[in-house]
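Letters A, B, ... are given to chains in the order of the sequence lines, protein chains preceding strands, and every chain is numbered from 1.
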Protein chains: 2
Amino acid sequence: MKTETVNDEKKTIKMKNYLQHISLDCVVFGFHSNQLKVLLLRMKNTGTWALPGGFVCEDESIEVAANRVLKERTGLDEIFLHQFNVFSDPQRSKHNPAVSDLILSGQTYPEKSWFDKRFISVGFYALVEFSQVEPQPDAFSDICEWINLENIGNLMLDHNHILQKALETLRMQLTFQPIGYNLLPEKFTLSELRKLYETILGKELDRRNFQRKILAYDILTRLEEVRLGVAHKAPVLYKFNLENYKRALDEGLQGRW
Amino acid sequence: MKTETVNDEKKTIKMKNYLQHISLDCVVFGFHSNQLKVLLLRMKNTGTWALPGGFVCEDESIEVAANRVLKERTGLDEIFLHQFNVFSDPQRSKHNPAVSDLILSGQTYPEKSWFDKRFISVGFYALVEFSQVEPQPDAFSDICEWINLENIGNLMLDHNHILQKALETLRMQLTFQPIGYNLLPEKFTLSELRKLYETILGKELDRRNFQRKILAYDILTRLEEVRLGVAHKAPVLYKFNLENYKRALDEGLQGRW
DNA sequence: ATTTCTTTGTGTCAATACGACACAATGATA
DNA sequence: TATCATTGTGTCGTATTGACACAAAGAAAT
């Protein structure tokens, strides 16, 4: 197992097993109480919040490395995970304190120089079911938790920029691919799905038109079951029709020439 | 100037100025005689065809590096250039002969070991105006030329895979962004634009419906000029309305929720 | 010079999709 | 038992789309 414990005496060797100059950062989106949340880490020494990230082992593809990182931070395997951009501004480590200062400040580890290298980072975004995640800090952070999108302040390095790009990508994806399977529990109401769309897009949608359009995609299965215990009329529950959902992922939803 | 001449005695030093493990590959699309073409290099020692590519200097972003590479191969600056995917399969250099064998075979350069490293490659696709390109081979190739998409055979390493992904991205981009400004000459007919779309999408489009739809986007300016000298009725020439074109690039064309 | 031919420019029409909005049904709450 | 907010369903006018018709025009054939 590849832990990154700072006090691990074998770490120097392990650092050498990572590819130099290359890192990855993950924007993990979750949805809970009608709010879009992002999984963040608070760095031990500076208190700065940061995106979960990591490095690439010599025998890993970058996708495998991202899955490993997310498994460590969320406990989840087989996450919906897409690379969306490479961040390679030579100054990206220099707008803010260098990584080595942030994560190793006041300490003199042999790998300080390793962290001082310039890193080109591959950005991934992940969609996960909020309730299934068990946030785990890494060796350099003391807290790992969900932060509401609107409450996110200054992040480490260029992580605000990375987050912004991830959101743009997610919004674009929304216009030609179905979304929700990885963000909602198995059973959900159309209002919950609509609020997910509204939250990602940052604007309100007409309830009735949304219903008509999303049903027309034929990616939902209506259940013989309603959600009880909520105020007012009990809404019907739906689940995704996986077969059609995946077909829609492949074929796209609209805008064909 | 950063040449890569094999016989350049300063090259060993220059190689050290590149970031290790990181490369980039460009899929350069051009359009001529109603055919989509890709700029390819023929490697000197093996005769294998390959995508133009290069490495990243210590002070460059990957975008700047890609622009530099394309400037060297095409003579063009300010090219439409988008990164679309990172290729990082640890085996990507091993399905085919290693890079060092391909480009340095039979020779013993000190940098052979450098090429034997594992590379993670960032894929870019570029759209350029065919007639403005002056293809230039690099230090490791003897030919640089346009190859019709349908005539492209086995490429070096995983370059076929990279090309395939670039095409998919291009096709997807077509559904929500205008295209053509970087691929057609300044003045063009609607038929030429339509054939560009048909070529990229690999299917025929209804001439009249295409015309109606593309004109509705309001990204074209009709000129008081026709193309003479072609068979049959002289078609009206159009050019792109840059202001509206760029707005459409930003806002997207359709499929909004 | 005249006719032919093929492509272009414009338009029609029905089917479908979309945005804005109305109203009855229903389950929790008062 | 009445109230109330939310849900399920539907309407209507407009815009968009796909399939197709036809006349105009310039090159090519005669």
Side-chain angles (χ1 to χ4, degrees), chain A residues 33-34 174-178 180 184 187-199 201-239 244 248 251-257, chain B residues 33-34 174-178 180 184 187-199 201-239 244 248 251-257:
Chain A
S33 342
N34 289 337
L174 209 56
T175 67
F176 57 93
Q177 287 196 324
L184 293 173
K187 300 173 182 181
F188 51 88
T189 68
L190 288 183
S191 281
E192 287 162 358
L193 181 58
R194 175 172 50 84
K195 275 170 187 146
L196 170 62
Y197 272 75
E198 290 178 336
T199 306
L201 292 170
K203 68 175 177 185
E204 294 203 344
L205 302 173
D206 183 275
R207 175 179 66 88
R208 296 151 291 189
N209 293 336
F210 175 83
Q211 214 141 327
R212 178 177 50 188
K213 196 168 174 180
I214 202 83
L215 288 176
Y217 288 155
D218 199 29
I219 56 173
L220 299 179
T221 303
R222 181 185 174 127
L223 303 176
E224 301 298 324
E225 199 177 342
V226 293
R227 167 148 303 160
L228 296 173
V230 295
H232 314 298
K233 181 172 179 178
V236 173
L237 289 171
Y238 287 80
K239 64 175 182 181
N244 289 358
E251 297 177 8
L253 288 176
Q254 57 195 315
R256 323 292 272 286
W257 275 91
Chain B
S33 342
N34 288 336
L174 210 58
T175 67
F176 56 94
Q177 287 197 323
L184 293 174
K187 300 173 181 181
F188 51 88
T189 68
L190 289 183
S191 281
E192 287 163 357
L193 181 57
R194 176 172 50 84
K195 275 172 186 143
L196 171 61
Y197 272 74
E198 290 178 337
T199 305
L201 292 171
K203 67 176 178 185
E204 294 203 344
L205 302 173
D206 183 274
R207 175 179 65 90
R208 294 150 292 189
N209 293 336
F210 175 84
Q211 213 140 328
R212 179 177 50 189
K213 196 168 175 181
I214 202 83
L215 288 176
Y217 289 155
D218 199 26
I219 57 172
L220 299 179
T221 303
R222 183 186 174 126
L223 302 176
E224 301 299 324
E225 199 176 342
V226 293
R227 167 147 305 160
L228 296 174
V230 296
H232 313 299
K233 179 171 179 178
V236 173
L237 288 171
Y238 288 79
K239 63 175 182 181
N244 290 358
E251 296 176 9
L253 289 176
Q254 57 195 316
R256 323 292 271 286
W257 275 93

Item to check | Any S191(B) side-chain N or O less than 4.0 Å from OP1/OP2 of dT8(C) | outcome: yes

Checklist outcome for this item: Separation of dT6(D) atom P from E204(A) atom CD, nearest Å, is 12 Å

Next on the checklist: List the residues meeting ring pair (Phe, Tyr, Trp, His ring centres under 6.0 Å) with F188(B), not counting sequence neighbours, and say none if there are none.
Outcome noted: F240(B)

Item to check | Residues touching DNA chain D, which here means a heavy atom under 4.0 Å, drawn from residues 221-234 of chain A | outcome: R222(A), H232(A), K233(A)

Next on the checklist: Using whole Å, what does the distance between atom P of nucleotide dT16(D) and atom CG of D218(B) come to?
Outcome noted: 13 Å

For nucleotides 11-15 of chain D, tabulate all protein N/O to nucleotide N/O atom pairs closer than 3.5 Å, reporting atom names and distance.
none

Item to check | Separation of atom CG in L190(B) from atom C1' in dT10(C), rounded to whole Å | outcome: 13 Å

Next on the checklist: Between L237(B) and T189(B), is there a side-chain heavy-atom distance shorter than 4.5 Å?
Outcome noted: yes

Item to check | More than 12 heavy atoms of other groups within 6.0 Å of E204(A) CD | outcome: no

Checklist entry - What are the two closest non-hydrogen atoms of N209(A) and D206(A), and how far apart are they? => result N-OD1, 2.9 Å

Next on the checklist: Tell me whether the side-chain N/O atoms of Q211(A) come closer than 4.0 Å to OP1 or OP2 in dT9(D).
Outcome noted: no

Checklist entry - Could you give the CG-to-P distance, from L215(B) to dT8(C), as a whole number of Å? => result 14 Å

Checklist entry - T189(A) near the nucleic acid: base, sugar-phosphate alone, or nothing, with a heavy-atom cut-off under 4.0 Å? => result nothing

Checklist entry - Who passes side-chain hydrogen bond (donor to acceptor under 3.5 Å, both in side chains) against R227(B), sequence neighbours left out? => result E192(B)

Checklist entry - Does the side chain of L190(B) come within less than 4.5 Å of P235(B)'s, by heavy atoms? => result no

Next on the checklist: For Q177(B), give me all partners under side-chain hydrogen bond (donor to acceptor under 3.5 Å, both in side chains), at least two apart in sequence or on another chain.
Outcome noted: none

Checklist entry - Quick one: F210(B) CZ to dT10(C) C1', roughly how many Å, whole number? => result 17 Å

Checklist outcome for this item: note: L193(B), atom CG; dG9(C), atom P; distance rounded to Å ~ 13 Å

Item to check | Heavy-atom pair with the smallest gap, counting every atom of L193(B) and I214(B) | outcome: CD2-CG1, 3.8 Å

Item to check | Separation of dT6(C) P from R207(B) CZ (nearest whole Å) | outcome: 14 Å

Item to check | Residues in side-chain hydrogen bond (donor to acceptor under 3.5 Å, both in side chains) contact with R207(A), at least two apart in sequence or another chain | outcome: none

Checklist entry - Please give, in whole Å, the distance from dC18(C) P to L205(A) CG? => result 13 Å

Checklist entry - Does a side-chain N or O from K213(A) land closer than 4.0 Å to OP1 or OP2 of dC18(C), or not? => result yes

